[in-house]
Protein chains: 2
Amino acid sequence: MNPITPADQTVAEPRAPEETITASILSAVAEHRLPAGTKLGEQALSDLFSCHRSNVRRALTSLAAQHVIEIRPHRGAFVATPSPREAREVFEARRTVERTLARLAIPHAGAADIAQMRAMIAEEAEARAGGDKPAELRLSRAFHMKIAEIAGNGVLGQFLAELTLRTTLILGLYGDASASSCARDDHGPIVDALEAGEEARLVALVDEHLAHLEAGLDFERGASRPMTLAEQLSPGTGI
Amino acid sequence: MNPITPADQTVAEPRAPEETITASILSAVAEHRLPAGTKLGEQALSDLFSCHRSNVRRALTSLAAQHVIEIRPHRGAFVATPSPREAREVFEARRTVERTLARLAIPHAGAADIAQMRAMIAEEAEARAGGDKPAELRLSRAFHMKIAEIAGNGVLGQFLAELTLRTTLILGLYGDASASSCARDDHGPIVDALEAGEEARLVALVDEHLAHLEAGLDFERGASRPMTLAEQLSPGTGI
DNA sequence: TCGCCATTTATTGTCGACAATCACTGTTAA
DNA sequence: TTAACAGTGATTGTCGACAATAAATGGCGA
């Protein structure tokens, strides 16, 4: 029922409660289980994760600093709802960051990396075929983060993690639900170019991939989405 | 005595206490008044800003999310001490971000912007001549942030704000104190290229500027700096 | 004299309660 | 019927106190 699950802490590894909370919220947002605008009540979270409210507050302030949620004073925390302008800025930033990461990845990409990426693409295609949206989103994001991992720049990697998450929110708001985001297999050719070490082609493909993603946005639709319960219950076609 | 001053809140504008704290710490770090590794005790801060510890904690978690400070559990908050590897990553990220910002700034740079930047350069030179290190650091940072402002991309601007702050920490750790960071007037030609709208030259100059900054680092010196009182009291040239 | 260990002290983490603020419900009046 | 209003409930913000942990001190023994 609740889209946030306490990130199964099997037995060992008793991480700090705040980390569990942030990780759970991040993955929930990354898989469209928490749509933009959702309220994140403190007591609800402290109940769900059975910890004190102070831990929840720490997690929320940390997430707010990463622009994943927005805290309005005396109002509460809400999943961020990027504006059209912010959406464009995020895509511009992604192009900038991913271009560099792709270039940096070329000399570090080993055979194992390439194989793993191909496996991820296959898994993603399978999830898409099976209609498993959350898995598809998760794997698509993991693909981009894998490039960052290969590139070996943690600072840019962190930026990309933030940007891909915000991209997921943007797609949820303005994305075309039918024509899926990464429907076309854009990732396959990217791996090919990375394996071949063809920098110019790789950068062009990454650019094209992101441009295609951005081109699929429709800012008219999401603009007037109040995210009230009425919206969620009446499946009308708008107004 | 204390390098953190409560950011004079004249009369009106009663901002939230957490914002005052974060702003004060950020500016203190940006002006080398708070060296890397400095402990930021909760009670000390709550005393200084005359607010409750909960506000201090919020400010500290927010700063930790921006990698400006580091929170070690049960140990406290410390001004971040970037490793040599992190330093290289930060510079790589800066090159990536600033290249794009410079390019984006070209079509938006008005005459007023150019004039303001020239004024900032003059002020910076004056501060350098007068030996006012904090002012020099502040103005140099402001110059780079001005380009981001002209570019008009808030997301990349926020990234740059974070990166420039981390750069300041890096310079404090590994920078050459004598040969100042931006000693040469690198900023002047950048404004010229921006005004002329010569993209290739502008990007090259920005790249060169950052490369020069990075080349001045000496990772041997700062590596074994424990930041103990003994170090601060004995002005030896380090074993 | 030096090294190790128990004690003390200071700081962070946690907790529950209360106050301040906001959203919502039901009421009243035009 | 609609709009404005007061009351009510729930949520966030604040506070002080206590517990848990780590650092610093001092004492003990070799």
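Chain A is the first sequence line, chain B the second, and so forth, proteins listed ahead of strands; every chain is numbered from 1.
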Atom pair distance, as rounded to whole Å: CG in Asn55(B) and C1' in dA20(C): 14 Å
Atom CD of Gln43(A): over 12 foreign heavy atoms under 6.0 Å: no
Thr167(B) side-chain N/O to Leu163(B) backbone N/O, donor-acceptor pair under 3.5 Å: yes
Interatomic distance, Gln43(B) CD vs dG16(D) C1' [rounded to whole Å]: 13 Å
Protein-nucleotide distance (Asp47(B), atom CG; dT12(C), atom C1'), rounded to Å: 15 Å
d(CZ, Arg72(A); P, dT12(D)) in whole Å: 12 Å
Sidechain N-carboxylate O distance under 4.0 Å for Arg128(B), Glu124(B): yes
Side-chain donor/acceptor of Ser24(A) to backbone N/O of Thr20(A), under 3.5 Å: yes
Nearest-nucleotide pick for Glu42(A), side chain only, options being dA23(C), dT12(D), dG13(C): dT12(D)
Inter-axis angle, terminal five-pair segments of the helix from dT1(C)-dA30(D) to dA30(C)-dT1(D) [nearest 10°]: 0°
Rounded distance (Å) that lies between atom P of dC24(C) and atom CZ of Arg75(A): 10 Å
Pairing of Arg95(A) and Glu214(A) as salt bridge, 4.0 angstrom limit: yes
Spacing between Ile71(A) atom CD1 and dT12(D) atom C1', to the nearest angstrom: 11 Å
His52(B) (side chain) and dG13(D) (base): donor-acceptor pair under 3.5 Å: no
Atom-to-atom span, CZ of Arg57(A) to P of dC15(D) - whole angstrom: 12 Å
Under 3.5 Å: donor-acceptor pair, side chain of Arg166(A), backbone of Ala87(A): no
Sugar-phosphate, base or nothing in reach of His74(A), heavy atoms under 4.0 Å: sugar-phosphate
Polar side chain donor-acceptor pair, Ser46(B) to Arg53(B), under 3.5 angstrom: no
Any N/O donor-acceptor pair, Arg53(A) side-chain to dG16(C) base, under 3.5 Å: no
Nearest-nucleotide pick for Arg58(A), side chain only, options being dT14(C), dT14(D), dT12(C): dT14(C)
